[in-house]
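In what follows, a single structure is set out as structure tokens and then discussed.
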Protein chains: 2
Amino acid sequence: MLSDVMEDYLKAIYTLQLEHGPPVSTSDIAEYLGKTPPTVTSMVGKLEDRGLLDREKYKGVELTDEGETVALEVLRHHRLLEAYLTEHLDYSWSEVHDEADALEHHISEEFERRVAAALGEPEVDPHGDPIPSADLTPPDSSDTSALTDHGVGDRLVVSRVSDRDPAELEYLSEAGVTPGTTIEITDIAPFGMVTVRVVDNDREQSLPESVARTIRVRPPDEPCDNEEVSPA
Amino acid sequence: MLSDVMEDYLKAIYTLQLEHGPPVSTSDIAEYLGKTPPTVTSMVGKLEDRGLLDREKYKGVELTDEGETVALEVLRHHRLLEAYLTEHLDYSWSEVHDEADALEHHISEEFERRVAAALGEPEVDPHGDPIPSADLTPPDSSDTSALTDHGVGDRLVVSRVSDRDPAELEYLSEAGVTPGTTIEITDIAPFGMVTVRVVDNDREQSLPESVARTIRVRPPDEPCDNEEVSPA
DNA sequence: ACCCCGGATTAGACGTGTCTAAACCAAATA
DNA sequence: TATTTGGTTTAGACACGTCTAATCCGGGGT
């Protein structure tokens with residue numbers, strides 16, 4: 001019923017909503033998807049007609065519950081695929097994103113169920129992103145915060161890293177900064193550079209602010225159900 | 001570069017060429033793909049422009065080597081996926097076709113390699129259809145013949161069954177008529193019904209001519225490399 | 001040799017998703 | 001309050017893949 005393209009828009013809007021909160025602007029969507037603003041205007045018009053989002057002209061856009069459900073379905077496909085490729089087909093951590101993007105629109109409900117079963121109904125993908133549950137209720141990340149919201153001396157456990165840029169992923173993977181890793185912030189330079197110490201291997205790692213902003217962390221003590229992460 | 005739709009046309013033409021030999025008519029392609037003849041005319045025009053097939057107006061169409069290579073690539077994807085779904089995701093014999101059709105256009109070369117490796121570089125899919133090799137040379141089925149080309153008393157080994165109709169597959173699977181099965185033709189009725197005895201379980205099975213026509217068989221003695229087939 | 005009929009092609013249209021160029025609104029600035 | 005400016009939307013175009021309706025071949029029967 002919905003085209004692949006529409007699903008991509010809904011996924012993008014969902015992601016942007018999480019990052020910056022609604023309303024999401026035309027140009028942000030255009031930027032994110034690599035389309036021109038008029039294209040986005042035309043597409044959100046169609047999505048509005050289908051009741052998948054609410055739009056206020058010249059303001060921006062917000063997903064309806066129905067639109068959010070579709071976005072979560074696609075996201076569930078994406079993250080299950082990432083987990084499966086890593087776990088069962090020997091993909092490295094940074095290779096899975098594009099493959100999952102290509103496949104996420106074309107797998108059946110049956111396939112989704114079987115992949116989830118083969119993985120043991122996982123709750124996070126290899127990057128630490130939460131996999132929406134089969135009933136498509138919105139996952140809650142309120143127990144995590146951005147690395148950049150913390151200060152020197154704070155001891156934290158990495159919860160998620162962004163999966164947008166493969167090079168960045170490669171770098172973080174090399175550095176040992178992966179979901180589950182305990183780190184300590186050793187320095188914050190005024191020009192936007194965060195230095196952390198990886199507790200396991202005692203190595204120091206400097207991260208540009210743009211990267212640090214995409215890393216989600218949680219306090220080290222309280223146990224959490226995000227541990228069954230498999231490295232690349 | 002090529003669209004999914006174009007790949008579907010090339011795959012269809014390849015299949016029809018194997019069945020009836022070139023040239024393949026517009027209406028046969030239309031019938032096979034569930035499109036109207038004008039749509040097919042327009043599409044084969046584009047495929048001809050790209051050098052993927054040769055066309056003689058009002059006669060029909062024949063794949064070029066390049067077009068055949070594309071068809072084999074898609075077929076390799078399709079059949080590797082069928083084998084993988086059956087082997088590793090617990091799909092039954094008759095469920096895999098549609099899933100493979102949906103995914104075959106969207107997997108990367110990398111994915112193809114890893115799936116082939118996970119399966120141990122198989123040479124046939126669960127239906128017994130030959131999987132084109134990675135170098136995309138045309139597979140040769142000259143060692144097999146149609147069941148309908150044989151007579152009463154002939155003892156044969158099933159080599160392949162068609163994967164077009166899930167109900168038919170279900171039926172054959174129930175009946176124990178699967179690749180590798182040894183059968184003996186016990187009767188051929190004049191009104192198009194072939195009766196075979198499955199040697200393993202000694203059951204008799206009547207098959208309409210339309211089904212028998214799609215079953216490929218080979219002589220029972222000489223060993224062949226088509227044995228590593230997994231049942232549903 | 002002529003005609004006819006079935007299959008093939010052309011003509012013209014439509015929906016989707018995209019673009020560029022032009023018009024437009026609204027919020028910040030003067 | 002008037003104006004500038006930057007993001008948004010409208011207008012118009014195009015490629016793709018599909019359809020229906022109309023036209024056109026070409027082989028088989030008379």
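The sequence lines fix the lettering, A, B, ..., with proteins before strands; numbering per chain opens at 1.
- Whole-Å rounding puts the A:Asp28 CG to D:dG6 P distance at 17 Å.
- Phosphate contact (OP1/OP2 of C:dA26, side-chain N/O of A:Lys57, threshold under 4.0 Å): absent.
- Remark: P of C:dG7 and CD1 of B:Ile29 are 15 Å apart, rounded to the nearest angstrom.
- Every residue two or more places apart in sequence or in another chain was checked for a ring pair (Phe, Tyr, Trp, His ring centres under 6.0 Å) with A:Tyr9, and none qualifies.
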Produce the list of close N/O pairs, under 3.5 Å, pairing protein atoms with atoms of nucleotides 16-18 of chain D; give distances to one decimal.
unit_1: D:dG17; atom_1: OP1; unit_2: B:Ser3; atom_2: OG; d: 2.5
unit_1: D:dT18; atom_1: OP1; unit_2: B:Lys35; atom_2: NZ; d: 2.7
unit_1: D:dT18; atom_1: OP2; unit_2: B:Tyr9; atom_2: OH; d: 3.3

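- The backbone N or O of B:Ser94 lies less than 3.5 Å from no partner atom in the side chain of B:Glu170, so there is not a single donor-acceptor pair.
- When the ring pair (Phe, Tyr, Trp, His ring centres under 6.0 Å) test is applied to A:His88, the partners found at least two apart in sequence or on another chain are A:Tyr84.
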Table of protein N/O atoms under 3.5 Å from nucleotides 23-25 of chain D N/O atoms:
none

Identify the pairs formed between an N or O of the protein and an N or O of nucleotides 27-29 of chain C at a distance under 3.5 Å, and give each distance.
none

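- For residues 25-43 of chain A, there are no salt bridge (charged side-chain N to carboxylate O under 4.0 Å, His left out) pairs, not counting sequence neighbours.
- Residue A:Ser27 has a polar side-chain atom (N or O) positioned under 4.0 Å from OP1 or OP2 of D:dT8.
- Note on residues 100-111 of chain A: pairs passing salt bridge (charged side-chain N to carboxylate O under 4.0 Å, His left out), not counting sequence neighbours, are A:Lys11-A:Asp101, A:Lys11-A:Glu104, A:Glu110-A:Arg113, A:Glu110-A:Arg114.
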Quick one: side chains of residues 39-52 of chain B, donor-acceptor pairs under 3.5 Å with protein atoms, not counting sequence neighbours, listed by atom name and distance.
unit_1: B:Thr39; atom_1: OG1; unit_2: B:Thr36; atom_2: OG1; d: 2.9
unit_1: B:Thr41; atom_1: OG1; unit_2: B:Pro37; atom_2: O; d: 3.2

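- Separating the CD atom of A:Glu31 from the P atom of D:dG7 is a distance of 11 Å, rounded to the nearest angstrom.
- Scanning for side-chain contact (heavy atoms from CB on, under 4.5 Å) contacts around B:Glu19 gives B:Thr15, B:Leu16, with sequence neighbours left out.
- Distance A:Met1 CE to C:dT16 P: 10 Å, rounded to the nearest Å.
- In this structure, the side chain to side chain donor-acceptor pair (under 3.5 Å) partners of B:Ser206, at least two apart in sequence or on a different chain, are B:Thr195.
- Distance alone, capped at 3.5 Å, is enough to place a donor-acceptor pair between the B:Gln17 side chain and the B:Leu63 backbone.
- The CG atom of A:Asp49 sits 13 Å away from the P atom of C:dG17 (whole-angstrom rounding).
- B:Asp140 pairs by the side-chain contact (heavy atoms from CB on, under 4.5 Å) definition with B:Ser142, not counting sequence neighbours.
- In terms of phosphate contacts, A:Ser25 brings no side-chain nitrogen or oxygen within less than 4.0 Å of OP1 or OP2 of D:dG7.
- The ring-ring contact (aromatic ring centres under 6.0 Å, His included) pairs that include a residue from residues 42-81 of chain B are B:His78-B:His97, where partners are two or more places apart or lie in different chains.
- For D:dT9, one of the phosphate oxygens OP1 or OP2 lies less than 4.0 angstrom from a side-chain nitrogen or oxygen of A:Arg55.
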